[in-house]
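Just so it is clear, the values below take in all heavy atoms, side chains as well, and ignore hydrogens, waters and symmetry mates. Remember, it's 1-based here, ligands and their atoms both numbered in the order they're listed.
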Amino acid sequence: MKPVSALLLLVVYTQAAKFPPNFKKCNRKEPDLDKCLKEAAQIGLTQSVKYYPQIGLPSFNPLEVSELKIAPGSQSVVNVEQNFKNCKFYGINEAKIDEFKFDFEGKSTHGRGVIPEIKMLCEYEVNGKILLLAVVGSGPSTIILKNVNVTVHFDYEEVPKNGKTYVHFTTNKVTLDPDFVSFNFENLFNGDKQLGDGINKVLNENYREVYADVKSGYEEGLGLVVQQIINNMFSKVSMEEALD
Ligand SMILES: *[C@@H]1O[C@H](CO)[C@@H](O)[C@H](O)[C@H]1NC(C)=O
């Protein structure tokens with residue numbers, strides 16, 4: 001099994017598509033392409049509170065992820081696999097994009113920005129040890145990341161189809177650096193309130209240590225989610241349609 005996996009239910013339309021008129025288009029040859037791409041990405045994100053089935057773009061507020069599995073941390077702080085289901089992510093659409101660029105030669109894209117708050121509501125299942133304490137349970141969970149510095153890097157390959165060029169993103173590297181994290185796992189230990197409250201308190205009091213251990217799992221998880229979304233979109237929108 002892969003250490004991290006994510007599953008989204010995305011509607012797949014087979015016909016080619018154009019960006020809706022409220023999206024911004026850039027010209028590959030314009031002198032300030034990076035600035036235009038940054039604006040286009042920002043506008044796209046702002047528009048994405050709506051669902052755009054014609055270009056395969058789901059709503060980003062909330063962004064729904066049916067399944068997200070995060071591997072145990074590597075430093076034995078969080079010695080538990082976190083299985084999340086029916087997740088709703090709020091706040092990604094509020095990202096302020098500071099940089100977004102395509103490297104057409106190197107076939108990669110790179111972005112950087114800040115998200116004021118990511119709120120992740122899911123149904124969780126855990127069974128393992130956190131900070132050496134046995135933790136078991138399932139129920140609703142809320143995880144909040146505040147003031148998150150985000151970088152994304154995607155490599156892509158070009159896929160020619162029907163005389164057009166489509167891009168397929170092959171690998172991703174995402175970093176998420178929040179300045180504050182809070183956890184709330186409801187119904188731990190089959191609803192034993194005292195034990196459950198105790199674990200949540202320990203998690204929150206030690207959020208830096210806890211997050212440091214699960215950080216790469218969360219980054220890989222969100223990276224996969226974003227990769228699936230943009231692949232879904234760019235399997236419909238060719239480079240010729242995305243850029244003038
Ligand atoms: C986010 O980036 C800003 C600007 O580079 C920096 O001042 C801040 O410390 C960073 N925050 C975190 C949590 O890394």
Student: Out of all atoms in ligand 1, which are within 4.0 Å of some heavy atom of Pro178? Include the element for each.
Tutor: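 Heavy-atom distances to Pro178 below 4.0 Å select 13 (C).
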
Student: Under 4.0 angstrom from atom 10 (C) of ligand 1, is there any protein heavy atom?
Tutor: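 Looking at atom 10 (C) of ligand 1, one finds that a protein heavy atom does lie closer than 4.0 Å.
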
Student: Taking atom 2 (O) of ligand 1 as the reference point, report whether a protein heavy atom occurs under 4.0 Å from it.
Tutor: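 Neighbour list for atom 2 (O) of ligand 1 includes protein heavy atoms (cut-off 4.0 Å).
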
Student: Side chains of Asp155 and Thr171: any donor to acceptor distance under 3.5 Å?
Tutor: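 Indeed, the side chains of Thr171 and Asp155 share at least one donor-acceptor pair under 3.5 Å.
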
Student: Check each atom of ligand 1 against the heavy atoms of Asp179 and keep those under 4.0 Å away; list them by number with element.
Tutor: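 Reading through ligand 1 atom by atom, the close ones are 13 (C).
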
Student: Taking 4.0 angstrom as the limit and counting only heavy atoms of Asp177, give me the atoms of ligand 1 inside it, by number and element.
Tutor: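 The list of qualifying atoms is 12 (C), 13 (C), 14 (O).
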
Student: Is it true that Tyr207 and Ile115 fall in one hydrophobic cluster, defined by side-chain heavy atoms closer than 4.5 Å?
Tutor: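 Yes.
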
Student: Taking atom types as modelled, find out whether Asn149 and Asp177 have a side-chain donor-acceptor pair closer than 3.5 angstrom.
Tutor: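 No pair is found: no donor N or O on one side chain lies under 3.5 Å from an acceptor on the other.
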
Student: Tell me which one of Val150, Leu176, Val114, Asn149 gets a heavy atom nearest to atom 14 (O) of ligand 1.
Tutor: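 Nearest option to atom 14 (O) of ligand 1, by heavy atoms: Asn149.
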
Student: Do Asn147 and ligand 1 have an N or O pair less than 3.5 Å apart?
Tutor: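 In fact, backbone or side chain, Asn147 has no N or O that close.
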
Student: Is it true that atom NZ of Lys215 has more than 12 heavy atoms of other residues, nucleotides or ligands lying nearer than 6.0 Å?
Tutor: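 It does: Lys215 NZ has more than 12 such atoms within range.
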
Student: Looking at Lys25, I want to see if its NZ is surrounded by more than 12 non-hydrogen atoms of other residues, nucleotides or ligands under 6.0 Å.
Tutor: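 Result for NZ/Lys25: enclosed.
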
Student: If you measure only the distance, is there a donor-acceptor pair under 3.5 Å linking the side chains of Ser216 and Glu219?
Tutor: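 Short answer, no.
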
